[in-house]
Amino acid sequence: MTVRTRFAPSPTGFLHIGGARTALYCWLESRRRGGEFILRIEDTDRERSTDEAVQAILDAMHWLDLDPDEGPFYQTQRLDRYKQVAEDLVSGGKAYYAYESKNEIEAMREAAMAAGQKPRYNGYYRNRNEPPRDDPNRVIRFRNPTEGSVVFEDKVKGCIEFANSELDDLVIFRSDGWPTYNFAVVVDDIDMGITEVIRGDDHVNNTPRQINIYHALGATVPEFAHLPMILDKEGKKLSKRTSAVSVMEYRADGFLPHAILNYLVRLGWSHGDQEIFSREEMISLFDVAHGNKAPSRFDTEKLAWLNQHYLKTDPPESLAAEFAWHLHRAGIDVSKGPAPVDVIVALRERVHTLKEMAERAKIWYGPILEWDDKAVAKHLKNANASKVLETAKSRLAECEWQPAPIHQVIEQVAAELELGLGKVAQPLRVALTGSQVSPSIEDTIYLAGREEALRRVDAALDMAKD
RNA sequence: GCUCCCUUCGUCUAGUGGCCCAGGACACUGCCCUCUCAAGGCGGGAACACGAGUUCGAGUCUCGUAGGGAGCACCA
């Protein structure tokens with residue numbers, strides 16, 4: 001039987017980092033085993049689901065290159081099917097109509113809590129065998145077994161057992177005519193032939209209820225793998241208030257999709273001491289059954305390290321499209337400066353994100369916007385500055401315009417004036433950038449272009465004189 | 001309250017009874033390299049939650065304790 005996994009988000013917000021990891025694990029598990037990855041949108045909560053959220057999730061998954069083999073399927077389009085299955089369950093005696101109002105249910109809960117009990121439905125309509133009647137409060141409840149227990153082997157958590165006496169007769173069809181989550185997932189997973197249910201461990205408590213529904217429907221129970229949560233730096237639940245949670249927010253912050261995937265695959269799973277995984281390696285090595293049981297914290301600094309690793313090792317051309325997106329966002333007109341690929345090469349060892357890179361690239365695409373006064377005072381207002389600038393200017397006007405010959409020019413100037421390389425490079429750096437920090441001096445000059453470089457050296461010469 | 005789950009350096013983790021007075025990575029830090037900043041190289045500090053038990057031997061098995069988390073909806 002082919003392995004089929006699914007990612008089933010509810011479209012009530014953006015794709016967050018925890019969801020992305022779940023999607024990745026589902027995708028990897030299906031890839032390694034030659035199976036299929038299905039996307040299902042769980043939008044039965046009509047109040048909170050939005051089309052924008054659906055689109056945001058789709059966009060994020062596409063950006064991460066985690067496109068599904070099938071889907072997206074929408075639960076709202078399967079209403080007839082749920083209705084039919086629920087009614088079959090009723091006529092088969094495996095579910096029944098109940099008519100308590102929400103207030104009555106609420107009172108039942110409170111009474112149970114007050115008595116130190118788990119809040120459960122009291123089963124009033126379970127054995128009444130009343131003929132169905134119209135009633136605004138009419139729901140369908142699943143007739144859960146009362147004896148024995150449900151045992152399942154979770155692929156990450158191990159053997160888990162729940163006594164049926166802990167479970168109650170859950171609502172599977174609401175009075176508003178829509179199915180509830182625990183029922184819709186089971187019907188969907190059966191219909192869609194899902195063999196591996198990989199999801200967050202906030203669902204372990206739902207699993208025994210769902211298994212009972214599988215049994216009532218006479219279906220094969222799939223394998224389950226429940227993933228621990230991803231926490232923030234402080235060990236708290238990830239929240240928009242304290243950290244970036246949306247995948248697309250990480251894009252805006254300048255992270256690469258593959259760096260995010262590599263970070264996520266290692267968060268809760270490992271393969272010996274290996275830290276760097278190509279897409280192919282992830283696919284061949286990942287096994288959800290070796291996942292960790294405990295929750296883990298999201299560490300942006302390690303993500304940044306991985307991001308820089310890929311910035312440094314990916315072919316610069318392959319980064320160009322994503323970098324162009326950031327340049328545009330930073331308000332940079334690429335036609336007014338050097339080729340972005342050259343900028344990538346000059347900056348990739350000095351920044352952790354593409355956002356930073358775009359920010360620092362500004363010096364080559366427009367005038368110097370900020371002058372570091374200390375840098376000017378130290379490197380332009382000194383005895384050697386004019387001489388250095390003057391000499392460099394005349395040589396730069398004639399040399400071949402490539403980093404290597406420019407580097408030779410700098411060395412020649414240093415030798416001629418009997419100065420250390422630093423005494424030559426720093427005044428030029430300040431002249432070219434307004435600051436004393438930049439890529440190697442030959443790259444900094446080269447990227448400015450001859451005309452602009454000479455203009456800046458001239459301007460610096462004026463500053464050096466007064 | 002009840003049910004279920006979890007617990008190795010600050011963080012992510014290796015570890016499936018002896019290879020572990022616990023290994024790698026991020027972060028931090030010392031030195032080297034160096035035109036600045038980085039990157040890189042070589043070092044350093046830093047952890048088995050606690051207590052019993054099983055065993056010749058426990059981070060690894062069992063039981064307790066403590067701490068943390070999730071769920072207990074006509075929300076997913």
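All chains are named by letter (A, B, ...) in the order of the sequence lines, taking the proteins before the strands, and each is independently numbered beginning at 1. Treat the numbers as computed from the prediction; the structure is a model and nothing was measured.
Side chain of A:N292 to main chain of A:A294: no donor-acceptor pair is present (N/O by atom type, distance under 3.5 Å, no hydrogens or angles).
A salt bridge links A:R40 with A:D188: the distance from a Lys NZ or Arg NE/NH1/NH2 to an Asp or Glu carboxylate oxygen falls below 4.0 Å. The pair A:E196-A:K155 meets the salt-bridge criterion, since a charged nitrogen lies less than 4.0 angstrom from a carboxylate oxygen.
The base of B:G24 lies outside donor-acceptor range of the side chain of A:Q274, with no N or O pair under 3.5 Å. Residue-to-nucleotide contacts include no donor-acceptor pair under 3.5 Å from the side chain of A:Q436 to the base of B:C37.
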All N/O pairs under 3.5 Å across the protein-nucleotides 40-50 of chain B interface:
| unit_1 | atom_1 | unit_2 | atom_2 | d |
| --- | --- | --- | --- | --- |
| B:G40 | OP1 | A:K312 | NZ | 2.9 |

Check: residues 307-314 of chain A side-chain donor-acceptor pairs under 3.5 Å, at least two apart:
| unit_1 | atom_1 | unit_2 | atom_2 | d |
| --- | --- | --- | --- | --- |
| A:N307 | OD1 | A:L256 | N | 2.7 |
| A:N307 | ND2 | A:G254 | O | 3.1 |
| A:N307 | ND2 | A:H352 | O | 2.7 |
| A:Q308 | NE2 | A:E349 | O | 3.2 |
| A:Q308 | NE2 | A:V351 | O | 3.2 |
| A:Y310 | OH | A:H258 | NE2 | 3.4 |
| A:Y310 | OH | A:N262 | OD1 | 2.5 |
| A:Y310 | OH | A:F277 | O | 3.3 |
| A:T313 | OG1 | A:H309 | O | 2.7 |

Going 5' to 3' through nucleotides 68-76 of chain B and flagging B where a protein heavy-atom sits under 4.0 Å of the base, S where only the sugar-phosphate is that close, and - otherwise, we get --BBBSBBB
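Counting only N and O atoms by type, the side chains of A:Q426 and A:R429 include a donor and acceptor under 3.5 Å apart. In this model, no donor atom of one side chain and acceptor atom of the other lie less than 3.5 Å apart for A:T433 and A:S438.
Note on A:G200: nothing from the nucleic acid sits closer than 4.0 angstrom, heavy atoms only.
When each of A:D169, A:D168, A:N212 is checked for a side chain to side chain donor-acceptor pair (under 3.5 Å) with A:N144, only A:N212 meets the rule.
Rounded to whole angstrom, the span from the NZ atom of A:K293 across to the P atom of B:C4 amounts to 16 Å.
Pairing of B:G51, defined by two Watson-Crick or G-U wobble distances under 3.5 Å, is identified with B:C63.
Between B:U13 and A:S296, a contact under 4.0 Å exists linking OP1 or OP2 to a side-chain N or O.
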